[in-house]
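Structure, as structure tokens:
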Amino acid sequence: MPKLIIVTGGVMSGVGKGVVVASIGRILRARGLSVNAVKIDPYINVDAGTMNPYAHGEVFVTYDGGETDLDLGHYERFLDVELSKRNNITSGQIYLTVIEKERRGEYLGQTVQLIPHVTDEIKRRIVEASGGYDVTLVEIGGTVGDYEQLPFLEAARQLGLELGEDVVFIHVAWVPLLKTTGEFKTKPLQHSVAELRRYGIQPDAVVVRSERPIDANSIKKIALFAHVPQWAIFNSYDVDTIYRVPLILEQQGLGDFLTRRLRLPSRSPEYRDWEEFLSKLSAPKYRISVGMCGKYVELPDAYLSIVEALKHAGAALDARPELVWINAVEVEKNPDILRKLDLDAIVVLPGFGKRGTEGMIECIRHARVEKIPFLGICFGMQLAVVEFARNVLGLKGANSTELDPETPHPVVHLAPEQREVDVLGGSMILGNREVEIVPGTLAALLYGVSVITERHRHRYEVNLSYLPKFTEAGLVVSGWRRDIKRVEIIELPGHPYFIATQFHPEFKSRPAKPRPVFLGLLKAALFAKR
């Protein structure tokens with residue numbers, strides 16, 4: 001039977017429950033256990049793919065093409081695993097499946113209800129996702145008391161009854177610090193636990209989120225009112241980097257608590273590589289100013305995996321990327337702002353739609369002309385092609401048909417397999433694709449292999465009819481889709497570092513395994529500084 005750790009949240013959303021879940025996974029992985037993680041999102045959307053980045057942050061893409069919550073990115077990075085689309089469960093998926101089963105007559109004339117039909121489908125998906133692992137973490141998104149959570153809390157309660165000691169409930173809740181008195185106020189956490197118990201779930205442990213380490217008296221108070229032993233109360237306080245959280249919780253005994261409670265093998269944890277990464281992350285020798293040009297920069301979580309990928313690459317080089325967020329809309333209004341920034345490197349970020357694209361194109365032109373190390377990702381690659389067409393080839397009005405359907409020079413156009421698509425959700429080119437690297441190129445030097453596998457999320461591609469003009473003018477295609485002829489990587493020889501990818505390299509970056517294009521970008525920036 002599966003062993004489950006079910007994590008709920010209280011008081012308010014956004015307290016870092018996903019980081020706590022990922023940290024618990026790291027703690028168990030350090031003991032040699034195979035660990036899986038599932039994120040439950042109570043929204044009615046089938047997946048995160050059609051949601052606005054401002055509302056939801058980054059859409060994380062799994063290897064098999066799932067468009068999921070960004071917490072799956074935390075799970076993959078902390079656990080060093082590749083998760084499937086089945087690791088993200090939404091209300092939309094559950095209700096859609098139940099309705100489809102009812103239409104097919106699979107319920108044999110029953111009145112289809114929230115209990116047992118919806119809760120049974122939730123349980124089925126959790127148990128299915130947990131197959132083959134020592135432990136599966138299940139994070140129920142949202143805050144206890146949200147009515148959208150009710151079916152999932154009921155399913156969790158039932159799993160607790162059915163699996164008994166193979167299920168551990170952990171409640172994560174914020175304890176505010178009242179600045180006027182210097183006191184921690186535990187009452188909101190007490191109320192959230194009381195609400196959870198009202199749904200039939202008594203937490204086995206509590207993780208207190210707080211601004212700074214919580215005091216012993218507050219722990220005693222929480223233990224009394226939450227009906228949880230003091231030794232099962234842990235504290236995840238604010239730190240300089242989220243990668244420190246597993247070690248903080250380990251030092252407080254969370255790993256030992258879980259192995260005892262779930263009757264898992266008692267092994268000494270191994271954190272050597274993790275601690276080495278942390279030491280480089282926390283005390284870098286160098287600083288690198290990286291311009292991050294995009295259209296959603298007011299919410300950095302819209303680019304979370306890219307931010308983390310730059311941290312991973314920086315740690316490998318004993319360098320800290322200091323991110324300068326560049327609003328592409330502001331660049332459109334005043335291109336001169338780029339010249340006032342002392343940038344060591346520029347990343348032009350993914351995105352969709354017309355807003356801000358001329359500003360992103362100007363960022364690319366600035367990086368190309370001023371010889372600033374440059375990396376373009378997905379939409380950033382497509383706009384690099386547009387910039388080259390306009391300013392090097394002299395093709396006036398060149399554009400992507402996404403941005404200007406009437407452009408006289410459609411150097412980027414809709415991919416053939418996308419032309420008959422009439423459903424937006426889950427219909428992009430998604431997930432892993434193999435890419436062949438052209439020998440003798442910068443990409444070949446970076447990757448050191450002839451074939452790579454990277455994740456994708458796009459609808460448009462470089463128009464191959466313009467390729468002769470591009471190559472004649474010096475643009476190099478250094479990576480091709482292996483199964484069809486599609487441009488995957490472009491680069492400019494003679495530039496300190498100018499490379500752009502159609503795929504999303506950030507999704508496979510790990511703390512101790514930075515992706516080559518990010519590592520190359522920061523190396524080039526360091527070399528230029530010296």
Side-chain angles (χ1 to χ4, degrees), residues 3-13 15-17 20-21 23-24 27-28 40 119 123 126 135-147 149-178 183-237 245 248-264:
K3 292 183 184 291
L4 303 178
I5 299 173
I6 300 177
V7 180
T8 56
V11 180
M12 63 182 184
S13 61
V15 297
K17 187 161 76 270
V20 170
V21 171
S23 298
I24 293 170
I27 287 169
L28 296 174
I40 290 174
T119 51
K123 291 188 295 180
I126 291 172
V135 183
T136 293
L137 296 154
V138 181
E139 177 189 350
I140 301 180
T143 306
V144 170
D146 296 344
Y147 60 87
Q149 270 198 348
L150 295 180
F152 298 102
L153 292 176
E154 173 58 21
R157 183 191 71 82
Q158 292 178 24
L159 284 169
L161 283 176
E162 293 164 10
L163 301 179
E165 292 187 347
D166 287 330
V167 176
V168 171
F169 290 102
I170 297 179
H171 190 59
V172 180
W174 178 254
V175 170
L177 178 69
L178 194 62
E183 288 181 283
F184 285 106
K185 307 304 288 186
T186 66
K187 191 68 73 177
L189 184 148
Q190 294 173 37
H191 284 309
S192 74
V193 172
E195 184 74 3
L196 186 63
R197 291 166 70 181
R198 193 166 72 86
Y199 298 128
I201 297 173
Q202 166 62 45
D204 299 290
V206 171
V207 174
V208 177
R209 279 286 293 115
S210 58
E211 185 178 338
R212 67 188 193 201
I214 198 165
D215 61 277
N217 285 334
S218 295
I219 291 175
K220 287 180 182 179
K221 191 183 293 185
I222 292 167
L224 177 64
F225 288 99
H227 193 61
V228 173
Q230 290 185 43
W231 45 262
I233 296 173
F234 307 94
N235 185 199
S236 174
Y237 47 85
V245 176
I248 289 172
L249 295 176
E250 179 71 76
Q251 289 163 4
Q252 296 173 30
L254 180 55
D256 292 337
F257 164 79
L258 290 172
T259 52
R260 285 196 312 270
R261 174 63 178 73
L262 287 170
R263 305 176 314 285
L264 294 165

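Formation of a donor-acceptor pair under 3.5 Å by the Glu139 side chain with backbone atoms of Val21 is not found in this model. For Arg157 (side chain) and Gly200 (main-chain N/O), no donor-acceptor pair under 3.5 Å exists by modelled atom type. Under a 3.5 Å cut-off, the side chain of Lys221 and the backbone N or O of Thr186 do not form any donor-acceptor pair. Side-chain N or O atoms of Gln202 include one that pairs as donor or acceptor with a backbone N or O of Ala226 at under 3.5 Å. Listed for the Arg261 side chain is a donor-acceptor partner under 3.5 Å among the backbone atoms of Val167. Between the side chain of Gln149 and the main chain of Gly141, a donor-acceptor pair closer than 3.5 Å is present. Judged by distance alone, the side chain of Asp146 and the main-chain N or O of Thr143 form a donor-acceptor pair under 3.5 Å.
For the pair Ile222 and Val193, the minimum side-chain heavy-atom distance is 4.5 Å or more. Residues Thr8 and Leu153 have side chains in contact (heavy-atom distance under 4.5 Å, counting atoms from C-beta outward). For the pair Pro203 and Leu196, the minimum side-chain heavy-atom distance is below 4.5 Å. A heavy-atom distance below 4.5 Å is not found between the side chains of Ser236 and Ser23. Looking at heavy atoms from C-beta onward, Val135 lies out of side-chain contact with Ile24 at the 4.5 angstrom threshold. A heavy-atom distance below 4.5 Å is not found between the side chains of Thr136 and Ile126. Side-chain contact between Leu163 and Lys3 is absent, with no heavy atoms from C-beta onward closer than 4.5 Å.
Closest of all the heavy-atom pairs between Glu195 and Val144 is CG-CG1, 3.5 Å. Heavy atoms only, all atoms of each residue included: Thr119 and Ala155 are closest at O-CB, 3.9 Å. The two residues Asp204 and Val228 make their nearest non-hydrogen contact at O-CG1, 3.8 Å. Across all their heavy atoms, Val11 and Trp174 have their closest contact at CG2-O, 3.4 Å. Summarising the geometry of Gln252 relative to Tyr237, their closest heavy-atom pair is NE2-CE2, 4.2 Å, with the distance given to 0.1 Å. Across Tyr199 and Gly145, no two heavy atoms sit closer than the pair OH-CA, 4.0 Å.
Put simply, CG on Asp215 and CD on Glu183 are 9.0 Å apart, with the number rounded to the nearest 0.5 Å. In this structure, CG on Leu159 lies 9.5 Å from CD1 on Ile201, to the nearest 0.5 angstrom. With rounding to the nearest 0.5 Å, the separation of CG in Leu189 from CD1 in Ile214 is 8.0 Å. Considering CZ of Arg197 and NE2 of His227, their distance stands at 6.0 Å, rounded to 0.5 Å. Within the model, atoms CD1 of Ile40 and CZ of Phe152 stand 6.0 Å from one another, a figure rounded to the nearest 0.5 Å. With rounding to the nearest 0.5 Å, the separation of CG in Leu28 from CD in Glu250 is 9.0 Å.
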Would Val207 and Val7 count as a side chain to side chain contact (heavy atoms under 4.5 Å, CB included) here? Give the steps. CA-CA 10 Å; Val207 174; Val7 180; over 6 Å; no

